[in-house]
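Below is one structure, written out as structure tokens, with a few remarks after it.
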Amino acid sequence: MLVVMQAGADAAQVENVVAAIRELGLTPHPLPGATRTAIGITGNTGAIEPERLQALSGVLELIRVTKPFKLASREMHPEDTVVRAAQTAIGPGTFTIIAGPCSVEGEDLILRTADFLVSRGVRMLRAGAFKPRSSPYSFQGLEFAGLDILAKAREKTGIGIVTELMDAAHADAVEQAADVLQIGTRNMQNFSLLKRVAVSKRPVLLKRGLAATLEEWLMAAEYVLAGGNYQVALCERGVRTFADHSRNTLDLSVIPPAKLLSHLPVLVDPSHGTGRRAFVPAMAMAALAAGADGLLIEIHPEPDKAWSDGAQTLDFDEFDKLLASLRRMAEVMGREIN
Ligand code: PEP
Ligand code: MN
């Protein structure tokens with residue numbers, strides 16, 4: 001359910017409606033817009049008698065939201081959400097590049113990559129300190145020491161940090177080091193983890209589950225929004241199909257329906273999406289063409305020596321070439337690379 005306030009409604013009128021919703025035992029979510037405020041309602045809205053809220057001063061109309069995801073839906077929030085982190089705005093008009101190695105391998109690698117990215121005007125670095133690996137015998141990440149390295153890179157270079165949170169027990173530490181909390185594909189439906197990031201002050205980058213439908217993905221985002229964290233960006237990273245020519249099948253076709261149904265920005269990860277570095281540039285360009293809001297992309301000065309995911313990782317020269325192509329295409333599309 002959505003209460004749309006009149007354009008001229010003042011703060012007291014909005015507060016009055018918010019209080020009335022609480023009295024009904026439901027949760028109000030004020031959503032200020034460019035021209036008017038709307039108030040989303042979650043909880044069991046089946047029992048609401050619309051007349052009761054309709055009659056309050058400043059209320060324009062009540063709309064029933066038909067989708068199972070409410071706060072994530074465009075019905076509830078027609079304007080595109082802008083996710084703000086580390087001097088970057090992920091959303092309309094921009095195309096945000098987030099790049100870095102798969103894993104934090106050490107201080108040298110992270111500082112060198114951060115310096116390189118800053119010199120190229122890229123404002124966000126990605127790298128995992130806690131790594132979800134298929135094998136328990138593979139490198140699991142530098143964990144807390146990795147977070148310290150990321151924090152140091154931010155302090156030294158000012159770059160924003162995106163890193164994965166795998167376990168709610170690590171949330172406080174990851175929040176300290178990161179500007180954006182990444183929820184990995186394997187945890188998209190880890191509901192206790194989603195509830196934890198829902199009460200975080202940090203934006204969330206929510207990767208699509210390995211076999212998640214768009215609705216399941218948006219319902220996962222709904223957990224975060226429903227808990228009060230409205231700063232969520234989605235990230236398509238490929239799904240599991242019968243195809244064996246690539247690591248996953250990068251589902252760029254999910255971008256238009258995701259944008260139709262939801263106001264949340266959509267990023268694309270062509271690295272995990274393809275698993276092969278030769279395929280990454282084409283899919284990165286295609287993501288921009290398809291309307292994505294940015295990229296999450298794996299780079300490393302020496303990909304063949306990377307401790308994880310080297311096969312899908314670009315070296316700095318390859319990244320430079322891709323960035324130049326993206327800039328040309330973004331200009332044509334009226335979007336600014338940030
Ligand atoms: C990653 O970004 O390094 C990662 C592990 O991604 P995913 O959760 O998409 O596999
Ligand atoms: Mn990786």
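Each ligand, and each atom within it, is numbered from 1 in the order the structure gives. Values reported hereafter were calculated over all heavy atoms of this structure, with side chains retained and with hydrogens, waters and symmetry mates removed. Everything numeric here is computed off the predicted structure, so don't read it as measured data.
- Considering backbone and side-chain N/O of Asp269, none are found under 3.5 Å from N/O of ligand 1.
- Taking atom 1 (C) of ligand 1 as the reference point, the nearest protein heavy-atom neighbour is His272 CE1, 3.2 Å.
- The residue among Arg237, Arg126, Lys131, Lys207 with a heavy atom at the shortest distance from atom 6 (O) of ligand 1 is Lys207.
- Counting just the N/O/S atoms of Asp309, the one with the shortest distance to the Mn ion (ligand 2) is named OD2.
- For Phe279 and His245, the ring centers are positioned 6.0 Å apart or more.
- Sorting the N, O or S atoms of Glu298 by how far they are from the Mn ion (ligand 2) puts OE2 first.
- Side-chain contact check for Gln312 and Ser271: no donor-acceptor pair (N or O, by modelled atom type) lies under 3.5 Å.
- Taking every heavy atom of Gly184 and a limit of under 4.0 angstrom, the matching atoms of ligand 1 come to 8 (O).
- The single protein non-hydrogen atom nearest to atom 8 (O) of ligand 1 is Thr185 N, 2.8 Å, given as residue, atom name and distance.
- Side-chain contact of Asn338 with Thr96: a donor-acceptor pair under 3.5 Å is present, judged by distance alone.
- Under the side chain to side chain contact (heavy atoms under 4.5 Å, CB included) test applied with Met1, the options Val65, Ile63, Leu62 reduce to a single match, Leu62.
- Counting only N and O atoms by type, the side chains of Thr313 and His300 include no donor and acceptor under 3.5 Å apart.
- Under the 3.5 Å distance criterion, with hydrogens and angles disregarded, no donor-acceptor pair is assigned to the side chains of Thr113 and Asp115.
- For ligand 1, the atoms lying closer than 4.0 Å to a non-hydrogen atom of Glu298 are 3 (O).
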